[in-house]
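Accompanying notes for the structure given below.
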Amino acid sequence: MKNRSIKLSLALLAALLTPSLTLAADEATVQMQTLLKTEKSWDGEPYKAYPSGKPELTLVRIIIPAHSSLPWHSHPSPNAAYVVKGTLTVETRDGKHRRQLHAGDTLAETVGTPHRGVTGDEAVELLVFYAGAGGLPLSTHAD
């Protein structure tokens, strides 16, 4: 059992280090699919740099009720969202950009640009990965 666990761990590590690789781990097949890879946010703005300081990674599950909108906000560091369920419309405060997301879609978030998300007839569940720095907030309200 310990040997199998070590083999599976090594197979998973190899899969993480080698893009688009499928490995056989004992009788199971490890598959990898890149869901998002980009150098710019959903509104087309290129990412400039990560915040300085000690890196801090955060993964958050967010559930937004049906028929609601998030407050206008912005993010100080790059982050990416995966829509687990529901339909979410994201829009920039200046009205120049708008995008609708459905279950299975990904989103490279904006940095420093005020925006919000609006739900429709069902709740939305998101998984959001933030690549920030210690002491830096995940988001701030846009006044």
Side-chain angles (χ1 to χ4, degrees), residues 1-23 25-26 28-120 122-143:
M1 182 70 160
K2 184 177 179 181
N3 192 22
R4 180 176 183 199
S5 177
I6 291 170
K7 285 181 182 177
L8 185 55
S9 295
L10 290 174
L12 289 173
L13 179 61
L16 291 173
L17 296 175
T18 309
S20 66
L21 176 67
T22 302
L23 294 175
D26 290 335
T29 300
V30 176
Q31 297 181 14
M32 186 173 133
Q33 178 186 11
T34 301
L35 299 176
L36 176 68
K37 183 176 182 176
T38 185
E39 295 177 353
K40 57 187 173 183
S41 61
W42 68 269
D43 65 348
E45 287 295 315
Y47 290 125
K48 293 169 184 57
Y50 283 105
S52 61
K54 184 177 180 183
E56 181 176 79
L57 305 179
T58 306
L59 180 61
V60 179
R61 184 175 141 221
I62 301 172
I63 298 175
I64 308 167
H67 302 289
S68 62
S69 59
L70 296 173
W72 294 106
H73 64 281
S74 64
H75 304 283
S77 60
N79 67 86
Y82 175 81
V83 182
V84 176
K85 74 172 207 171
T87 299
L88 181 71
T89 300
V90 292
E91 57 190 4
T92 57
R93 189 177 209 172
D94 64 12
K96 293 181 182 178
H97 302 280
R98 182 182 179 102
R99 184 169 165 199
Q100 192 170 72
L101 305 161
H102 304 280
D105 288 343
T106 59
L107 179 76
E109 269 285 26
T110 61
V111 175
T113 302
H115 65 284
R116 70 177 178 179
V118 179
T119 61
E122 64 179 308
V124 171
E125 181 178 349
L126 303 171
L127 293 177
V128 185
F129 174 78
Y130 297 86
L136 197 62
L138 302 179
S139 66
T140 57
H141 287 278
D143 295 323

Drop me the distance from [X]'s [atom1] to [Y]'s [atom2], to the nearest 0.5 angstrom.
| X | Y | atom1 | atom2 | value |
| --- | --- | --- | --- | --- |
| E45 | E39 | CD | CD | 14.0 Å |
| L107 | N79 | CG | CG | 8.0 Å |
| L70 | I64 | CG | CD1 | 4.0 Å |

Name all residues meeting the side chain to side chain contact (heavy atoms under 4.5 Å, CB included) criterion together with [X]; count only those two or more places apart in sequence or in a different chain, and write none if there are none.
| X | value |
| --- | --- |
| A80 | L36 |
| P55 | none |
| V118 | S69, E91, R116 |
| H102 | T87, Q100, D105 |

Smallest separation among heavy atoms of [X] and [Y], with atom names:
| X | Y | value |
| --- | --- | --- |
| V84 | A103 | O-CB, 3.6 Å |
| V111 | Y47 | CG2-CE2, 3.6 Å |
| H97 | W42 | CB-CZ3, 3.6 Å |
| L101 | T106 | CD2-O, 3.9 Å |
| W72 | T92 | CZ3-C, 3.7 Å |
| A131 | P51 | O-CD, 4.2 Å |

For D43, what residues pass the side-chain hydrogen bond (donor to acceptor under 3.5 Å, both in side chains) criterion, not counting sequence neighbours?
S41
Pairing residues for H73 by the ring pair (Phe, Tyr, Trp, His ring centres under 6.0 Å) criterion, not counting sequence neighbours:
H75, H115
Is the NZ atom of K37 crowded by more than 12 outside heavy atoms at less than 6.0 Å?
no
Once salt bridge (Lys or Arg N to Asp or Glu O under 4.0 Å) is applied, do any residues pair with [X], and if so which ones, sequence neighbours excluded?
| X | result |
| --- | --- |
| E109 | none |
| R93 | none |
| R99 | none |

Which side chain to side chain donor-acceptor pair (under 3.5 Å) pairs, counting each pair once, include a residue from residues 131-143, with sequence neighbours left out?
S74-T140
Considering only residues two or more places apart or on different chains, which pairs with a residue in residues 49-62 satisfy side chain to side chain donor-acceptor pair (under 3.5 Å)?
R61-E125
